[in-house]
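Values in this document were obtained by computation on a predicted structure and should not be read as measured data.
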Amino acid sequence: MPKVDRRILKTQEALRNAFLQLMSEKSFDDITIQDLSDRANVSRGTIYLHYLDKYDLLDKLIESHITQLRELCEAVAELDFIEATQIWTPYFEENYSFFSLMLTSKGAPSFRSRFLNYLIEEVRKEVNVTKGKNEGWNEEVIVQFVASAIEGLVEWWFTNERPVPHQVLAEQMGKLLERNL
């Protein structure tokens, strides 16, 4: 894998940070390339070297977090739900500013739908309607129910500014998943 110039990484990090700061101050629609340029202390041309526009920046930011979550899920595939969520929720805690902005902001509804689609994908891997407690049930009903419940619980946690520690969220979410899958 070729090594990426540190200046490029530094510029991209400055743009991502500037973008998140601006998202905390105003809606996505109100953010301009000039705002990003000023906040990140780079030229407008530099922004266009890295991203097509602010939508591309948002898309790449979202995709990087979905990819990280997917990798975490792959890493914990052999664990039970309680152990797995103990690994997942610290990622939410570490990336609190991103997730809280994306889940509580009216300016980034695309994140909510992509996050839900990701959860549907992951839950579908766990559902078994051929035996056990879900035998004979409609798989799609279970998948939609559980994925929506996870998304709703995570959104509640961020919207209410972490009303319980991430360890409590993980343990109780894991137990709820154990009951339903």
For a quick check under 3.5 Å, do Gln21 and Glu25 share a side-chain donor-acceptor pair by atom type? no
Is it the case that the side chains of Asn128 and Thr130 hold a donor-acceptor pair, with the cut-off being a distance below 3.5 Å and no angle test? yes
Quick check for you: to the nearest 0.5 Å, what is the distance between [X] atom [atom1] and [Y] atom [atom2]?
X      : Y      : atom1 : atom2 : value
Thr67  : Leu72  : OG1   : CG    : 11.0 Å
Leu20  : Leu61  : CG    : CG    : 5.5 Å
Arg44  : Gln34  : CZ    : CD    : 5.5 Å
Ile150 : Glu155 : CD1   : CD    : 13.5 Å
Asn17  : Gln12  : CG    : CD    : 12.0 Å
Leu22  : Ile31  : CG    : CD1   : 5.0 Å

Look at the side-chain heavy atoms of Ile, Leu, Val, Met, Phe, Trp and Tyr, link any pair under 4.5 Å apart, and say whether Ile82 and Leu69 land in one connected group. no
Hits for side chain to side chain contact (heavy atoms under 4.5 Å, CB included) against Ala40, two or more places apart or cross-chain, chain-then-number order -> Ala14, Leu15, Ala18, Val42
Side-chain heavy-atom pair Glu126, Val123 within 4.5 angstrom cut-off: no
Do Glu135 and Val129 come close enough that some side-chain heavy atom pair is under 4.5 Å? no
Verdict with supporting geometry, Ile87 and Leu79, side chain to side chain contact (heavy atoms under 4.5 Å, CB included): CA-CA 10 Å; Ile87 293 169; Leu79 301 177; 3.6 Å; yes
Which side-chain N or O atoms in residues 173-181 pair as donor and acceptor under 3.5 Å with protein atoms at least two apart or in another chain?
from: Lys175; atom 1: NZ; to: Glu171; atom 2: OE2; distance (Å): 3.0
from: Glu178; atom 1: OE2; to: Phe81; atom 2: N; distance (Å): 2.8
from: Asn180; atom 1: ND2; to: Leu176; atom 2: O; distance (Å): 2.8

Of all the heavy-atom pairs spanning Phe111 and Ile66, show the shortest one and how long it is. CE1-CD1, 4.3 Å
Which atom of Leu103 lies closest to which atom of Glu151, heavy atoms considered: CD2-OE2, 4.0 Å
Please test Gln86 against Val76 for side chain to side chain contact (heavy atoms under 4.5 Å, CB included), starting from the C-alpha separation and ending with a verdict. CA-CA 10 Å; Gln86 293 288 346; Val76 299; over 6 Å; no
May I ask you to check whether over 12 heavy atoms, not counting those of Lys133, lie within 6.0 Å of atom NZ? yes
With sequence neighbours excluded, residues passing ring pair (Phe, Tyr, Trp, His ring centres under 6.0 Å) with Tyr96: Phe158
Could you walk me through whether Leu57 and Leu36 pass the side chain to side chain contact (heavy atoms under 4.5 Å, CB included) check? CA-CA 11 Å; Leu57 173 56; Leu36 278 168; 3.9 Å; yes
Do the charged groups of Lys60 and Glu63 touch, with an N to O distance under 4.0 Å? no
Using a strict cut-off of less than 4.0 Å between a Lys/Arg side-chain nitrogen and an Asp/Glu carboxylate oxygen, indicate whether Lys10 and Asp5 qualify as a salt bridge. no
Evaluation steps, side chain to side chain contact (heavy atoms under 4.5 Å, CB included), between Leu169 and Trp88: CA-CA 10 Å; Leu169 177 70; Trp88 215 41; over 6 Å; no
Exam field: side chain [X] to backbone [Y], donor-acceptor pair closer than 3.5 Å:
X      : Y      : answer
Trp157 : Val164 : yes
Asn160 : Trp156 : yes
Thr89  : His166 : yes
Asp59  : Asp56  : no
Asn138 : Val141 : yes
Ser148 : Phe145 : no

So ring-ring contact (aromatic ring centres under 6.0 Å, His included) across residues 47-74, not counting sequence neighbours, yields Phe28-Tyr55, His65-Tyr91, His65-Phe98, His65-Phe99
Pairs satisfying side chain to side chain donor-acceptor pair (under 3.5 Å), at least one member in residues 68-84, at least two apart: Arg70-Glu121
Residue set satisfying side chain to side chain donor-acceptor pair (under 3.5 Å) with Glu161, at least two apart, ordered chain then number -> none
